[in-house]
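Residue numbering restarts at 1 for every chain, and letters A, B, ... go by the order of the sequence lines.
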Number of protein chains: 4
Amino acid sequence: MNASRVEAFSDGVLAIVITIMVLSLPHPVGGTFHALHAAAPALLAYVLSFVYLGIYWNNHHHLLKTVTRVSAGLLWSNLNLLFWLSLLPFVTAWMSENGFAPATVATYGVVLVLAALAYTIVQSVIVADQRPDTGLRDAIGRDWKGKVSLLGYLASIPLALWWRWGSVALFAAVAVLWLIPDRRVETYLLGRPDEG
Amino acid sequence: MNASRVEAFSDGVLAIVITIMVLSLPHPVGGTFHALHAAAPALLAYVLSFVYLGIYWNNHHHLLKTVTRVSAGLLWSNLNLLFWLSLLPFVTAWMSENGFAPATVATYGVVLVLAALAYTIVQSVIVADQRPDTGLRDAIGRDWKGKVSLLGYLASIPLALWWRWGSVALFAAVAVLWLIPDRRVETYLLGRPDEG
Amino acid sequence: MNASRVEAFSDGVLAIVITIMVLSLPHPVGGTFHALHAAAPALLAYVLSFVYLGIYWNNHHHLLKTVTRVSAGLLWSNLNLLFWLSLLPFVTAWMSENGFAPATVATYGVVLVLAALAYTIVQSVIVADQRPDTGLRDAIGRDWKGKVSLLGYLASIPLALWWRWGSVALFAAVAVLWLIPDRRVETYLLGRPDEG
Amino acid sequence: MNASRVEAFSDGVLAIVITIMVLSLPHPVGGTFHALHAAAPALLAYVLSFVYLGIYWNNHHHLLKTVTRVSAGLLWSNLNLLFWLSLLPFVTAWMSENGFAPATVATYGVVLVLAALAYTIVQSVIVADQRPDTGLRDAIGRDWKGKVSLLGYLASIPLALWWRWGSVALFAAVAVLWLIPDRRVETYLLGRPDEG
């Protein structure tokens with residue numbers, strides 16, 4: 001089994017997750033701009049989750065290009081990641097339906113933490129599956145962006161309970177951090193002569 | 001990273017967006033032809049958006065065939081395009097649920113404007129990523145169809161507020177314009193000896 | 001542009017259409033077998049449409065293997081076919097929600113007629129796009145199955161208005177007819193030495 | 001027709017089935033942790049079905065790698081499997097909406113039985129389609145895991161009517177059994193020198 005099937009299935013799930021969120025967007029009640037304005041928080045939550053899923057797709061993409069062996073560990077750690085990402089539409093809808101209530105924002109942060117941990121596990125499984133001399137471990141290196149993000153998500157959980165908009169701002173700040181592509185892995189891939 | 005993953009993900013999202021709209025079609029209340037007739041405006045809106053998404057899929061297809069290098073700029077400008085297209089089912093449902101109310105038709109026009117601008121950005125990113133001597137910039141040329149469409153969408157926004165069916169007719173007219181395939185890029189591709 | 005992108009997009013849309021029907025299945029009210037029994041007509045309609053979409057996927061599959069040139073006509077006639085098939089979940093849900101009311105069964109027949117005509121158009125476009133000496137036209141030949149099906153769908157429309165279960169039986173009979181794979185095209189493909 | 005189209009279509013359907021379940025998750029009423037807690041049974045049912053679909057995707061994956069000839073029997077037996085798996089979101093939602101009522105848990109078991117039988121049929125069709133000397137039949141061998149699972153599902157049906165949580169525990173136990181990948185087929189594939 002090569003990695004292309006894993007990529008294809010992951011792409012399928014991520015494409016569906018990113019798209020079905022729009023089905024949960026509550027339709028504005030009445031055909032006026034005022035009604036649309038009332039739907040603005042839901043749209044904001046949609047944008048946030050769309051960007052997060054875009055980031056995961058992007059990084060997942062780069063990461064799977066480094067796979068040389070598809071193990072059972074990779075399949076299951078990848079499904080675990082997809083599971084947590086599949087909960088994003090659920091918490092997004094819950095958060096926006098309840099006007100970003102503290103408990104919903106905190107739960108959104110919990111799902112981000114668990115997705116980030118799942119991503120780290122996939123990364124570790126790929127490194128462990130490879131021959132030790134490929135340098136991928138070094139390429140991933142200290143992973144400061146991953147660590148900063150995780151700290152951000154963790155901080156957002158208690159923060160949500162007394163200043164929820166602070167948590168939302170934190171989510172947005174981490175997203176902006178990731179919009180810069182993952183140079184570490186990209187540089188590693190360019191350094192391998194046998195890949196395009 | 002080659003363009004095939006970007007194509008596959010975009011195809012996935014577009015296939016889902018074009019299909020989930022049918023989930024938002026309000027089911028006729030009662031099993032009579034009269035009930036079906038009452039659902040006709042919703043079906044009309046569905047047809048319109050289906051055709052628009054078909055047009056985008058078609059042109060996106062042609063455009064991505066010209067990609068020679070997948071940059072971070074391409075990934076993010078493409079996700080931006082997919083974002084605006086993913087809002088089409090939302091505005092389609094809102095418009096049809098409210099009997100093509102002026103504000104809903106105007107909002108539909110706004111989404112079309114933003115999707116058209118996003119497409120233009122993707123196009124510019126691809127041209128900028130290429131070596132300057134490939135001729136793609138000339139092939140895209142003056143892009144009169146894109147400019148006419150954008151003007152049509154822009155005009156439809158204020159028009160919707162006093163004559164909404166005029167805007168809907170404008171949407172339909174622009175769609176008919178695009179049903180003719182994009183010869184510019186097609187001709188360019190045929191002119192490149194190293195592509196099928 | 002080769003046919004694989006058209007296949008991939010069609011596969012995506014058909015996979016989504018066949019699957020989202022389950023979202024429209026009305027959930028039995030209450031957790032008893034009696035409640036499940038009341039949902040039986042809806043499940044019957046789901047089975048019928050699932051089989052029809054399976055048949056279309058299957059035949060579409062065989063047909064697209066004969067494509068040698070992807071024209072604009074093919075792209076649009078294929079989108080037209082996907083459009084009518086995308087309405088199947090809509091009419092399936094409407095039919096099952098209203099206990100197979102005559103108007104809903106007749107409308108189901110209308111959609112089947114239009115999908116069958118759309119399929120015929122795709123077939124004609126592929127034949128017209130090919131060099132005349134490939135023999136595909138002969139391979140498709142008299143297309144008795146297609147003609148019998150179309151007659152069956154056409155007959156089901158007036159029949160539904162006075163004996164709706166007769167129409168449903170007709171739908172099932174045509175489906176059974178198609179469960180036998182399309183030997184014509186299969187034989188043609190086997191006869192071409194340059195394809196697997 | 002090679003197996004890659006069958007894989008792609010199956011992957012598409014499975015990716016959609018595994019993802020749309022989240023659309024049926026009832027949104028907690030109110031933005032509190034208490035409301036989220038009330039949604040816990042629905043989340044539990046979602047996790048269970050997500051794991052089962054992950055298992056089927058995984059095993060289906062391995063199985064289709066052994067296909068050397070795509071017959072009509074394979075296409076239809078595969079669609080039959082996809083049909084039963086597509087009902088999982090339906091029974092999952094019904095079960096969780098009714099607090100794991102006995103009839104709903106028993107029906108979940110029935111769907112698992114029918115999906116398991118459908119998988120066995122696909123397996124038999126693949127073995128029958130191959131040349132008899134390939135050893136796949138021996139590789140699948142006694143299939144003790146498949147038999148134990150089927151017994152578990154069968155036992156869960158009557159069990160649900162007097163101790164529903166026992167059935168749920170049985171579902172979970174069988175899932176854990178399958179999280180260990182199918183070594184039989186994997187070993188067979190590794191033994192074939194002409195495959196990666």
Side-chain angles (χ1 to χ4, degrees), chain C residues 3-4 7-37 39 42-43 46-66 175 178-183 185-186 189-190 195-196, chain D residues 1-24 26 69-108 110-111 160-161 164:
Chain C
S4 69
E7 287 181 328
F9 186 72
S10 306
D11 274 7
V13 170
L14 288 176
I16 298 160
V17 170
I18 211 171
T19 320
I20 61 174
M21 281 192 301
V22 85
L23 285 176
S24 301
L25 272 179
H27 297 172
V29 182
T32 62
F33 289 118
H34 186 78
L36 183 64
H37 185 256
L43 282 163
Y46 177 62
V47 172
L48 188 69
S49 295
F50 193 97
V51 170
Y52 264 112
L53 287 165
I55 289 166
Y56 268 102
W57 175 71
N58 223 326
N59 288 337
H60 189 265
H61 228 202
H62 282 82
L63 186 62
L64 257 72
K65 289 205 66 166
T66 67
W178 279 100
L179 288 179
I180 305 153
D182 196 329
R183 291 287 174 207
V185 176
E186 219 166 291
L189 283 172
L190 288 172
E195 295 256 339
Chain D
M1 187 187 308
N2 60 21
S4 69
R5 292 290 305 272
V6 182
E7 288 182 328
F9 186 73
S10 306
D11 273 7
V13 170
L14 288 176
I16 298 159
V17 169
I18 211 170
T19 319
I20 61 175
M21 282 192 300
V22 85
L23 285 177
S24 301
R69 195 174 78 85
V70 177
S71 63
L74 174 61
L75 292 179
W76 287 109
S77 63
N78 191 53
L79 271 171
N80 181 45
L81 172 62
L82 295 179
F83 174 76
W84 293 110
L85 293 178
S86 83
L87 286 185
L88 267 188
F90 173 73
V91 289
T92 303
W94 186 41
M95 188 165 74
S96 65
E97 277 166 9
N98 292 283
F100 290 78
T104 65
V105 176
T107 305
Y108 193 91
V110 169
V111 171
L161 301 184
R164 55 197 174 140

### Query
Is there side-chain contact between D:L87 and C:L43, with at least one heavy-atom pair below 4.5 Å?
yes
C:G54 and D:W76 have their tightest heavy-atom pair at C-CH2, 3.8 Å
Heavy-atom nearest pair, C:G31 first then D:A103, reads O-CB, 3.3 Å
Turns out that what part of D:L161 lies under 4.5 Å from chain C's heavy atoms comes down to side chain
From the list C:I18, C:D11, C:L14, the residue making the most non-hydrogen contacts under 4.5 Å with chain D is C:D11
In short, side chain to side chain donor-acceptor pair (under 3.5 Å) pairs touching residues 17-34 of chain C with sequence neighbours left out are C:H27-D:E97
Taking C-beta and beyond as the side chain, do D:F83 and C:V51 meet within less than 4.5 Å on heavy atoms? no
Cut-off 4.5 Å, heavy atoms of chain C, and the answer for D:A15 is neither
With D:I16 as partner, the option from C:I16, C:L23, C:V22 fulfilling side-chain contact (heavy atoms from CB on, under 4.5 Å) is C:I16
Turns out that what part of D:I20 lies under 4.5 Å from chain C's heavy atoms comes down to both
When the 4.5 angstrom heavy-atom criterion is applied to C:F33 and chain D, the contacting part is both
Heavy-atom closest pair (C:W57 atom, D:V6 atom, distance to 0.1 Å) is CH2-CA, 4.5 Å
Hits for side chain to side chain donor-acceptor pair (under 3.5 Å) against C:S10, two or more places apart or cross-chain, chain-then-number order -> C:N78
Here the pair of heavy atoms bringing D:W94 nearest to C:G30 is NE1-O, 3.0 Å
Shortest non-hydrogen pair, C:F50 vs D:L79, comes out as CE2-O, 3.6 Å
